[in-house]
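Remarks on the structure that follows.
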There are 2 protein chains.
Amino acid sequence: MTTIKDVAQLAGVSVATVSRVINDRGYVHADTRKKVEDAVKALNFSPNEVARSLYKRKSKLIGLLLPDITNPYFPQLARGVEDRMQEQDYRLIFGNSDEDERKEQDYIQTFIQNNVVGVISSTNYPHSSIYENLKIPVVFLDRTSLDRPSVYADGREGGRLAAREIIKRGSRRITVMQGPSQIRPAQDRFEGAIEIIRDAGLDYRVIQTTSFSINEASVWAEELFRKYADTDGVIASNDIAAMAVLHEASRIGRKVPDDVQVIGFDDIPMSSLLSPALSTIRQPAYEMGREAAGLLIQLVEQAAIENKNIQLPVSFIERGTTRKVRSDG
Amino acid sequence: MTTIKDVAQLAGVSVATVSRVINDRGYVHADTRKKVEDAVKALNFSPNEVARSLYKRKSKLIGLLLPDITNPYFPQLARGVEDRMQEQDYRLIFGNSDEDERKEQDYIQTFIQNNVVGVISSTNYPHSSIYENLKIPVVFLDRTSLDRPSVYADGREGGRLAAREIIKRGSRRITVMQGPSQIRPAQDRFEGAIEIIRDAGLDYRVIQTTSFSINEASVWAEELFRKYADTDGVIASNDIAAMAVLHEASRIGRKVPDDVQVIGFDDIPMSSLLSPALSTIRQPAYEMGREAAGLLIQLVEQAAIENKNIQLPVSFIERGTTRKVRSDG
DNA sequence: TTGTACGCGTTATCAG
DNA sequence: CTGATAACGCGTACAA
């Protein structure tokens, strides 16, 4: 490994001077600068971030904590975060929490040990002591928290939107899948949806789900059609659940969207490739990731005390699992 | 931040002793140990990994480089890697390369600057100078390389399997989607497939694709049915491509599997939720991730010079996009 | 404009 | 069995 000393020696100057040129700090004569730059190139030197980090007590590392990267919604968040961080030369230490508070705790701990300067977390426990005691900035992603910086989509409006659109297209016996109760955005969606359904004077059925797991999605889809065989509209808790509903509908011979309409949530990349393509409420996941990263960088670099919340809008993506809206409204 | 000094002071011993206790190294009297342990707890001390890393010139960090986490195949690899690493207290610095050699270069560079002890890379350039000159162990994941440690699935056999199964089920005018030419496993699959098709005395059509991108998948699917309208069997380059084919088939009114059979590759999680569910060649992605991590840990910890290759078996997952095999063969 | 010397938190060596 | 102390590589006072 080539160190700053090697460079200094080759350039015939002191380490301080080398440090000055590579950090572009303080005065250094043009000639000396040239010598140093040549030496740096010759030795292919790049500064040891660890030593830097130790001295400055801060790094260019950010901790990213997501529930489960295997769930197709999260990679988009992750990608957004990464791209934005990358632009400012931050790197990511990444972990899957499985929504397990203990695992989160452990990860945060090792993040700290590695001098990360901030963390982005998609936690279910934003008020856990884990985060209360943290001395570095945290941004909650895809999680609502009013007293802490966070970036999330407007889940309640998403729920409303889904209900409005499905009602507008003629569903009357709507089943709403209620996502895991500990996940705020999932509850927001649910509440938004039933708010509109109630206002429309309709009643509704509920399927309570306890995770976003792909495996279990099929189980709930089965349960849905078993318990509510007459349902003619499903507002799914996310696109995976919607896929499972589509699959089950097809299996038992219910036509989508003629017999039953389905609206998903998220708009994961493959939703448009389904047959019929999935109508869904789009969350701008990639953007959310980017925003979270941007916000965290601000917090890190400007130590702004002000707590910020960024709420991004959702939108209805009309595809093939909902009927065309009748022209008379 | 509480340091080893604080602990030493509170325990009334020297830092050396504290170090001995926390690393369980050398002799230390039971009573002293107790005092130190108490102090550690009282102060909630945990060692600064950065300082450790600086001194030891190695860390508990490894670099993971994947093309694009947004592609649903990679999260499974990532998750496998992470779970295995986690078990041995290694953490991941993660980056998306977008299959861009320059980006890889940059990431590897910063990995090194952060003292990572090894890297797992799913690169298209295993023989690039980036990796040649690396002094730390590298494991290539999902990429074949005979002279370097690597973990991959048996792509050629996968191709054969796909061809065999689709022929066995009656397809005669088969179209093979050839994945990006620079990606070895994709070529292996392709070659395996045409090998069997040729042996069967059939001819075949080819659609050349240049990426695994979801957006472009639709384009190729369209092209496929436009150019080869009579095709009665498609061996897709991966499950995403297969989804696009399914989608397009449905759009133009070709029945799957009756008019045309489709076999995917990968077995990504949502393949089973399609309607009809996707028949595919399964790669054990999660296992591959775990194996790669295990191998890298060995390399890191035992400095075994021996180059190892791990090839995992693929398997045919029979679902709804292929017909039932006729009992007479 | 440049160099010397110290400290960041930890571990290993070597005396005691 | 324990304690001083010198590294690890870098950045910054402070001196020159």
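On a predicted model such as this, the values are computed, not experimentally measured, just so you know. Proteins come first, then strands; the chains are lettered A, B, ... in the order of their sequence lines, and each starts at number 1.
- Computed from coordinates, the L54(A) CG to dA7(D) P distance equals 17 Å when rounded to whole Å.
- The bend of the helix from dT1(C)-dA16(D) to dG16(C)-dC1(D), defined by the angle between the axes of its first five and last five pairs, stands at 50° to the nearest 10°.
- The phosphate of dG9(D) (OP1 or OP2) has no side-chain N or O of T3(A) nearer than 4.0 angstrom.
- Residues V15(B) and V15(A) both approach DNA chain D. Their nearest nucleotides, taken by heavy-atom distance, put V15(B) toward the 5′ side.
- Contacts between residues 25-46 of chain B and DNA chain C, defined by a heavy-atom separation below 4.0 Å, involve R25(B), F45(B), listed by number.
- Considering CZ of R91(B) and CD of Q86(B), their distance stands at 4.5 Å, rounded to 0.5 Å.
- The two residues G118(A) and L296(A) come nearest to each other via the heavy atoms C-CD2, 3.9 Å.
- Extent of DNA chain C lying under 4.0 Å from chain A heavy atoms, first and last nucleotide in 5' to 3' order, is dT1(C) to dG9(C).
- Side-chain atoms of N48(B) come within 3.5 Å of backbone atoms of V50(B) as a donor-acceptor pair (strictly under, hydrogens ignored).
- With a 6.0 Å cutoff to the six-membered ring centre and a 45° limit on the axis angle, R102(A) does not count as a cation-pi contact of Y107(A).
- For the pair N23(A) CG and dG9(D) P, the interatomic distance rounds to 17 Å; values are reported in whole Å.
- Proximity of P149(B) to F140(B): side-chain heavy atoms (C-beta onward) are nowhere separated by under 4.5 Å.
- The base of dG11(D) lies outside donor-acceptor range of the side chain of R57(A), with no N or O pair under 3.5 Å.
- A donor-acceptor contact shorter than 3.5 Å links the side chain of R143(A) to the backbone of T123(A).
- Whole-Å rounding puts the R52(A) CZ to dC8(D) P distance at 19 Å.
- Other residues, nucleotides and ligands place more than 12 heavy atoms under 6.0 Å from the CD atom of Q187(B).
- Rounding to whole angstrom units, CG of residue D6(A) and C1' of dG9(D) are separated by 10 Å.
- Of the possible polar contacts, none joining the N23(A) side chain to the R20(A) backbone as a donor-acceptor pair under 3.5 Å is found.
- At least one donor-acceptor pair closer than 3.5 Å links the side chain of S122(A) to the backbone N or O of L141(A).
- Nucleic acid contact class of V50(A) (heavy atoms, under 4.0 Å, all strands): none.
- Expressed to the nearest 0.5 Å, how far OG of S59(A) lies from CG of N114(A) amounts to 8.0 Å.
- Within a 6.0 Å sphere centred on NZ of K58(B), other residues, nucleotides and ligands contribute 12 heavy atoms or fewer.
- Atom pair K5(B):NZ and dG3(D):C1' shows a separation of 15 Å (rounding to whole Å applied).
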